[in-house]
Amino acid sequence: MNKRKEKTLNEYIELLAGKGLLLQDPAAWAADGTAEEKKDWRMQPVSYISYNSLDVKPGTLFICKGANFKEEYLQDAVKKGAICCLSECEYPNAGIPCLLTKSMRRAMSEVSGFFFDEIWNERLIMMGITGTKGKSTTATFVKAIMDDYCRSIGEKEIGFLSGIYTYDGCRKVKAKKMTTPETVELHRHLAACVENGCRYLVMETSSQALKYDRTAALDYKVGAFLNISEDHISDREHPDIEDYFQAKLKIFAQSQIACVNMELDDRYLSRVLYEAERQCGKVITFGRTEGADYYGHNVTSTPSRLEFDVDWEGGTEHIIVSIGGYYNASNALAAIAMTRALGVPFENIRSGLANVKVAGRMELYQMQNKHVDVIVDYAHNKLSYQTLFENVKKLYPDRKILLVFGCHGNKAYNRRKDLGELANLYADRIVLTEQDPGTESVRDICDQIMQHIDPDKPVTVIEDRGEAIRAACEMVDDNWVMVIAGNGADGYQKRGLTYVELPTDGERVQEYIDSHR
């Protein structure tokens with residue numbers, strides 16, 4: 001692992017001052033000259049950065065961030081060896097100097113990037129993906145293609161950051177809810193990818209990450225814009241759809257090459273193309289729309305396999321994807337456009353997609369004790385629900401649907417109406433359950449969903465998600481299809497203020513199948 005040269009506190013002070021992010025000269029901290037240890041405090045080396053008081057080492061620059069931050073966290077950090085703090089307010093009793101900033105998000109990005117020398121921009125070829133739906137699937141498709149390509153040229157498999165898992169060239173770790181990690185974790189991951197020998201990385205880039213500067217220190221070789229629909233609208237996320245849209249457009253300011261989906265809603269397509277052309281050196285289009293640079297057509301699908309043809313300037317290629325779902329053609333086309341932007345041959349594209357596995361995305365299970373297919377999918381918003389159910393109806397035109405789902409607590413409140421109405425439209429029977437309820441009551445969330453479901457529609461509320469899946473497996477009738485939406489391969493539930501690790505939806509289904517053979 002490469003050893004980074006430690007920088008002094010004074011260098012961090014100069015950095016923040018130079019960026020206009022320092023509110024005042026911290027020299028006042030040592031003005032009285034009473035403590036011997038204060039004399040040369042600016043020259044102390046910063047050996048670590050953290051905003052978690054449980055993760056502090058001697059020599060740490062501690063970041064005081066978050067709406068729920070308490071001074072006791074800082075005091076704990078000082079006891080463990082923190083030598084300075086970065087904050088938006090003063091803590092005169094901390095016993096260490098405080099670097100006051102007027103913008104914690106920007107300051108944290110600058111400080112973190114400086115600590116890690118932003119080595120990712122020099123030594124890692126990065127691809128970012130934004131969109132309301134399909135980010136994880138597209139990222140997984142890209143990784144499958146790029147891993148195939150890297151094997152063929154003797155390179156290490158690529159780094160990965162998604163809502164499914166992360167991979168830094170050494171360790172694969174299940175993701176914990178946040179699509180794009182907080183700045184310090186993100187930078188630490190990117191630095192590890194470089195130090196562990198990765199040459200490429202693909203990552204999901206959420207609207208929150210773009211809006212709040214988590215990715216501000218990243219230069220993408222390729223940035224992809226998949227789609228957009230009303231989502232993440234709340235007082236904690238985006239106040240309206242325009243704010244959400246503007247956040248997503250920021251990806252182009254960080255990208256050399258833009259990949260744009262020509263299937264975008266007409267309300268947004270021209271604005272996306274304009275911004276891509278204005279900010280990026282090259283724009284590549286894809287989609288099931290004639291005229292796209294990578295045009296997909298002749299799409300066919302079974303529950304477990306997708307096929308289509310793609311026209312491009314060099315001819316036509318036949319693509320097979322080892323995951324079902326008509327809508328995944330768009331995700332595959334995005335992955336094709338992104339990897340072709342890097343010069344990857346179609347030989348690796350065909351091989352990668354033919355062997356790709358995407359946990360929790362159109363994941364198919366078949367019961368043994370009755371004729372029932374079970375689909376586990378990550379769909380959790382209006383656009384992804386509509387796409388999922390249109391696909392299920394195509395794949396199973398004569399079957400009734402039992403749907404298991406819930407809605408998030410404390411955010412995206414519009415989903416309760418949107419998903420309730422879509423469930424009412426497509427499902428013949430419904431089991432409502434938890435979906436990261438947070439500090440809200442699961443029963444209250446379910447009651448709000450039920451306001452948008454017909455009174456005569458069979459609905460069962462079972463608050464515990466595992467119990468809900470088990471009960472649904474018992475109650476589903478022969479020759480039906482069961483859809484479990486929302487979690488995909490996510491093995492956590494946010495209950496209260498903590499994340500509780502639990503079996504995934506697929507593991508729950510497999511457990512039922514194994515016990516009923």
Side-chain angles (χ1 to χ4, degrees), residues 126-148 157-182 185-186 189-190 192-193 198 200-209 214-215 224 226-227 231-232 304 306 321-325 327-328 330-332 334-335 338-339 352-353 355-365 375-381 384 387-388 405 408 435-436 465 484-494 499-510:
M126 296 182 290
M127 295 163 277
I129 302 166
T130 198
T132 301
K133 70 179 181 72
K135 294 187 295 297
S136 294
T137 300
T138 302
T140 305
F141 287 173
V142 169
K143 180 165 170 56
I145 293 168
M146 293 304 301
D147 283 349
D148 191 273
E157 70 175 282
I158 76 170
F160 192 70
L161 267 169
S162 84
I164 307 175
Y165 70 92
T166 65
Y167 175 72
D168 67 0
C170 180
R171 294 190 310 144
K172 181 177 178 180
V173 179
K174 185 189 295 184
K176 291 188 178 180
K177 295 293 184 183
M178 190 176 281
T179 302
T180 309
E182 191 55 270
E185 282 88 355
L186 172 60
H189 180 88
L190 297 178
C193 285
C198 294
Y200 299 92
L201 171 130
V202 64
M203 62 178 284
E204 296 181 50
T205 309
S206 69
S207 61
Q208 294 286 293
R214 286 185 218 153
T215 62
L226 303 183
N227 45 63
D231 196 39
H232 298 288
S304 59
L306 170 70
V321 187
S322 59
I323 177 176
Y327 58 89
N328 278 317
S330 291
N331 296 327
M338 293 176 70
T339 52
L353 291 176
N355 295 288
V356 69
K357 301 297 179 188
V358 188
R361 271 64 176 175
M362 257 327 262
E363 199 170 359
L364 180 66
Y365 296 84
I375 293 172
V376 173
D377 196 88
Y378 186 62
H380 59 280
N381 56 44
S384 57
T387 305
L388 171 64
F405 82 106
H408 287 80
Q435 175 64 48
D436 290 341
R465 193 173 183 94
I484 307 173
N487 256 26
D490 194 343
Y492 293 87
Q493 282 295 314
K494 186 176 185 181
Y499 288 102
V500 180
E501 188 167 4
L502 299 165
T504 67
D505 292 351
E507 288 169 346
R508 299 279 195 189
V509 173
Q510 190 61 55

Apply side chain to side chain contact (heavy atoms under 4.5 Å, CB included) to Leu190 and Leu201, showing your working. CA-CA 8 Å; Leu190 297 178; Leu201 171 130; 3.7 Å; yes

Contacts of [X] that satisfy side chain to side chain donor-acceptor pair (under 3.5 Å) - sequence neighbours left out:
{"X": "Asp148", "answer": "Asn348, Ser351"}
{"X": "Arg508", "answer": "none"}
{"X": "Lys143", "answer": "Asp147, Glu157"}
{"X": "Thr166", "answer": "none"}

Evaluation steps, side chain to side chain contact (heavy atoms under 4.5 Å, CB included), between Ile129 and Met203: CA-CA 6 Å; Ile129 302 166; Met203 62 178 284; over 6 Å; no

If the condition is side-chain contact (heavy atoms from CB on, under 4.5 Å), which residues does [X] pass it with, not counting sequence neighbours?
{"X": "Ala379", "value": "Asp377, Ser384, Tyr385, Leu388"}
{"X": "Ala334", "value": "Thr138, Leu226, Phe286"}
{"X": "Gln510", "value": "Tyr365, Ile513, Asp514, Arg517"}
{"X": "Cys198", "value": "Leu124, Cys193"}

Do [X] and [Y] have side-chain heavy atoms sitting under 4.5 Å apart?
{"X": "Ile145", "Y": "Leu353", "answer": "yes"}
{"X": "Thr132", "Y": "Asn381", "answer": "yes"}
{"X": "Asp505", "Y": "Arg465", "answer": "yes"}

Side chain [X], main chain [Y], donor-acceptor under 3.5 Å:
{"X": "Thr130", "Y": "Ser206", "value": "no"}
{"X": "Gln493", "Y": "Asp436", "value": "yes"}
{"X": "Glu204", "Y": "Gly163", "value": "yes"}
{"X": "Ser322", "Y": "Val356", "value": "yes"}
{"X": "Asp168", "Y": "His189", "value": "no"}

Nearest non-hydrogen partners of [X] and [Y], listed with the distance:
{"X": "Ala224", "Y": "Met338", "answer": "CB-SD, 3.5 Å"}
{"X": "Ala139", "Y": "Val202", "answer": "O-CG1, 3.7 Å"}
{"X": "Val358", "Y": "Ile323", "answer": "CB-CD1, 3.9 Å"}
{"X": "Gly488", "Y": "Val376", "answer": "O-CG1, 3.7 Å"}
{"X": "Ile164", "Y": "Ser162", "answer": "N-OG, 2.9 Å"}
{"X": "Ala332", "Y": "Val321", "answer": "CB-CG2, 4.2 Å"}

Suppose we screen for ring-ring contact (aromatic ring centres under 6.0 Å, His included). Which residues come up paired with Phe160, at least two apart in sequence or across chains? Tyr165

Check ring-ring contact (aromatic ring centres under 6.0 Å, His included) between Tyr327 and all other residues, then give those that pass, not counting sequence neighbours. none

Taken to the nearest 0.5 Å, the spacing of Tyr167 OH from Leu161 CG works out to 13.0 Å

Separation between CD of Glu501 and OH of Tyr492, rounded to the nearest 0.5 Å: 4.0 Å

Can you sort out the partners of Arg361 under salt bridge (charged side-chain N to carboxylate O under 4.0 Å, His left out), two or more places apart, ordered by chain and number? none

Side chain to side chain contact (heavy atoms under 4.5 Å, CB included) between Gln435 and His380: does it pass, once the steps are laid out? CA-CA 9 Å; Gln435 175 64 48; His380 59 280; 5.6 Å; no

Take Val142 and Thr339 through the side chain to side chain contact (heavy atoms under 4.5 Å, CB included) test and state the conclusion after the steps. CA-CA 7 Å; Val142 169; Thr339 52; 4.1 Å; yes

